[in-house]
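Every chain is numbered from 1 and lettered A, B, ... according to where its sequence line falls, protein lines coming before strand lines.
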Amino acid sequence: MTPMDRRRFLKVTAITGTSAALARCGNPEHQIIRFVPEEELTPGIAVWKPSVCPLCNAGCGVLARVMDGDAEVFRNGEAGVTRMGLPRKLEGDPAHGVSQGRLCVRGQAALQVTYHPDRLASPRRRVGERGSGAFEDITWDAALTELIGRLDTLVEAGNAGQIAFIGRPRRGRRAELVAEFLRRIGAPAPVAFEFFDDAVIRRANELSFGRYQLPTIDLARTHYLIGFGADFLGTWNSPVAHGAAYGRMRQGQPGTVTKFVQVEPRMSQTGASANEWVAVPPGTEGVVALGLAHVIMRDGLRPASAAGRAGAMVEGFAQGLAAFAPADVERYTGITPARIERLAREFAANGPAVAVIGGPALAHTNGLAQALAVNALNALVGSVDVPGGVLFTPTEVAPVGPPRSLREVVGGAAAPQLLLLDEANPVYASPPGWHVADLLQRVPFIVSFGAFVDETSVLADLLLPDHSFLESWTESSPESGSADAANATAPPAMHPLYDTRSMPDVLLDVARRLQRPLDPPLPWQTFDEMVQAPTTVPAMPAAPSRAPDTPRAWADARFDGEAGTYPFHFLPYASQALLDGSLAHLPWLQELPDPLTTAMWSAWVEINPGTAERLGIAEGDMVEITSAHGSVRAPAVISPGIGPTAVAMPAGQGHDTFTRYASGRGANPVHVLAPLDEPETGALAWSATRVRIARVGAADGSLILFAGATRERPDHHGRG
Amino acid sequence: MAYRWGMVVDLDRCTGCEACVTACHAENNLPTVGADEAARGRAMHWIRVERYWEGEFPDVRVKFRPVLCQQCGNAPCEAVCPTYASHQNEDGLNAQVYNRCIGTRYCGNACMYNVRFFNFFHPQWEKPLQLQLNPDVSLRESGVMEKCTFCVQRIKAAKSAAKAEDRAIADGSLQPACAQACPAGALVFGDLNDPESRVARLSASPRGSKLLEDLGAEPKITYLHRQGWHESNA
């Protein structure tokens, strides 16, 4: 008998395997179409393809590790299997100026956007009641015919002004195309909507430095850093670039020991790394900055004139900020005068020293005044446009900025006649007082380009799903994160899996097929042609614009809700995993233990230990948060990182409709927020709501904490 | 010359961002167990970031500490394994042979770092999430213990590439997924047998200490503690 060696074994299994497959062909239920492979790949050998992470504004260049594999795909209206190159892992692109070969926790999970089981695989048309989620498949031809017909009708009737577009505040060629399409069809500019919006800091930088732009903090060369609520290592601005620079600040400056002070009402993930953490009441961060500037000027460490225009934007700066002496700062913040004096001396003496404000500190009615205070402090110590200070990435003028705010659409008397939605989810992420869902119910026709059905796109009449970023031409022109321009353009890293179409190409196609051609027509045939052609958006001028403006007076933050009825400040914050909730559909991020609480798959309310004891609340107990605008319930986490007069809650959970992983899980803090805003920019003041809290039940198991920990506290064994 | 892989975790750089955690999931085909199983303590994270609160509000501080398998030289997990599934390999790694493992979980109980994870169920990826799987890393079945491997698949690939070119693996050219992702550069990986390697030089830092060092397991990960700031040393 022939011995069963490896060669013979393979032969036998190949034959029996084939006959098994042939036998299955007799049963139509088991037929699988195998398409001809679209690319030549060596099995098991990885190739690296560039792309750009789309999950936030940072615009990190990434490399996708592509290997061959069998995927179920749609080709020419048929489902089947094909052998194709599949991205298996994302890494930062070492050649990209922002990511520098690194990638954040969310960027690592971006892979799951492409392979998500609930991704829309083809265009769909609403069949049921609006919002019921009942859709039927439809061909691209039929879908585009319907969209173009409706656009033609509006344009013919002279109602192109009633076409609205709501997208996310992204920069680059895609945003440029959308803006150009709308302009040429006669529609208003696109609305850029995101819950954690940066309009306030951009406006402040425009006033102080002539730059409508997010700042880049040159941490790698900083010796002394004061943060005001800014979560620059976690969720705000460009976290990978700032994380890399932070590592170099700490251990990349031989002979220098650096200090990081964080001023905020609730300890953020970034604040957790501070050498000195300074607790202040919400909305008073700017008072600390003004107090530091006061001491520096009073003691003659720097003259008021050193702050230049940034100082001139702050009322009373030239007079030495007499109203912000250390005793005044103590009255606002509870910080002792001695501590203010010490911090001011340290800040002035240990240059390069830099201050940064962002996130919750700007989400107040006085957010702009807070940002201007910090800008003036930076200018006073000469930390603008210098190594170790605040830098501005050379970039184009943002095609979306200053964008039209959602409330120009929501607040108008007449609802738009046709709404185009591009991934923005305002129904989930707007305070109840904006009545966004009611408004959308009145829009006769809604089209969504998003790849998932969420709380907003479930209201759409047509779903025209976009490719995933890995299947598309991607590009970014980062607004921050690098001292030099860090633009990136990359072709698709894989063939599309499904019957989806690139949204920019759909727009270009629609533009060509309109009855009345765009005037002038768009100069590009396809999006890949566009991204390889020069931009039409002007470059930000090298000498920033310095239009004269008037100084802004300090204003105390206003809060919604009487302190008697609503004794607690309510502090929502961006989740390290789920950000604003737009990433709650990714299972890797749902199962990520939160850095400060270890919670997974959960929403929770952070309560000070003393407050919890007083109210009889134990960890995991269900508590109800009530404002004048609504209430939410979530389990309690007892946290020493928050004061006795505030409670905090991560954004991101509490989705009604957002894939199998996010729907019906946890609670959404936005539901209790008051519609207060920062008056000059119209940005939502999401830190300005007061609430009351009550225990409403025992732990129900919805708080899931990661169980893993070292069995003994390591720092009880010698040094920690 | 034999390699001896080790790591330095610089706590002065670590920001607790957890990029390492998701990077590990993506590289090593870790299953997502879902909310119900996670609530039973069955979530799997080969690397985790521990946080230690100190003080009371408002004078409160946090220390982050990434914890992964310490690749002990005198590993308590190895001595208790009845099937030699858990063993020391030629590079000094605590290797786990999945198809030898019979699921006694002795190793998990013996490990004081709590970095071993048991597969209570067959891992599942809802279609088409299986397309994200790394073909270089085997899937673990129910009843099998798993743990950090220092991305042994990357080590093997780098070794064969180096061998084909008759050279040693250059310092810094090989990184596990966690170290590659880490924005702050807090995780440094390399060969402890090479005195010139970055990891060997940093391991000798006066800031260094080992986790639960006095228990005698000879861990190969050195933690560099945070550097304190005083007005005098600025």
Next on the checklist: Is it the case that the side chains of E18(B) and Q576(A) hold a donor-acceptor pair, with the cut-off being a distance below 3.5 Å and no angle test?
Outcome noted: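 Not at all, the side chains of Q576(A) and E18(B) share no donor-acceptor pair under 3.5 Å.
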Checklist entry - Are R226(B) and N275(A) close enough that a side-chain donor and a side-chain acceptor fall under 3.5 Å? => result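 No - no donor-acceptor pair under 3.5 Å links their side chains.
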Go through the atoms of [X] and report whether side chain, backbone, both or neither lie under 4.5 Å from a heavy atom of chain B.
| X | result |
| --- | --- |
| T258(A) | backbone |
| S702(A) | neither |
| A274(A) | backbone |
| P265(A) | backbone |
| R119(A) | neither |
| R106(A) | neither |
| P87(A) | backbone |
| K89(A) | side chain |
| I642(A) | backbone |
| L233(A) | both |
| N608(A) | side chain |

Using 4.0 Å as the upper bound for N to carboxylate O, is an ion pair formed by [Y] and [X]?
| X | Y | value |
| --- | --- | --- |
| E91(A) | R154(B) | yes |
| D594(A) | R51(B) | no |
| R61(B) | E276(A) | no |

Next on the checklist: Measuring centre to centre across the rings, with the benzene-like ring taken for any Trp, is Y224(A) within less than 6.0 Å of W229(B)?
Outcome noted: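 Under 6.0 Å, so yes.
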Which bit of [X] is near chain A, if near means a heavy-atom gap under 4.5 Å: side chain, backbone, both or neither?
| X | answer |
| --- | --- |
| E37(B) | neither |
| P66(B) | neither |
| Y223(B) | neither |

Next on the checklist: I'd like to know whether CD of Q253(A) has more than 12 heavy-atom contacts from other residues, nucleotides or ligands below 6.0 angstrom.
Outcome noted: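 Yes.
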Atom pair [atom1] ([X]) and [atom2] ([Y]), whose distance is rounded to the nearest 0.5 Å:
| X | Y | atom1 | atom2 | value |
| --- | --- | --- | --- | --- |
| M84(A) | L131(B) | CE | CG | 8.5 Å |
| Q251(A) | D12(B) | CD | CG | 4.5 Å |
| E27(B) | Q108(A) | CD | CD | 9.0 Å |
| Y661(A) | E126(B) | OH | CD | 3.5 Å |

Identify which of [options] forms the greatest number of heavy-atom pairs closer than 4.5 Å to chain A.
| options | result |
| --- | --- |
| C20(B), A39(B), G41(B) | A39(B) |
| V33(B), L224(B), V49(B), V115(B) | V33(B) |
| L133(B), N134(B), V21(B), V67(B) | L133(B) |

Item to check | H25(B) and W588(A) aromatic ring geometry - parallel, tilted or perpendicular at 30°/60° bounds | outcome: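 The arrangement is perpendicular - the two ring planes meet at more than 60°.
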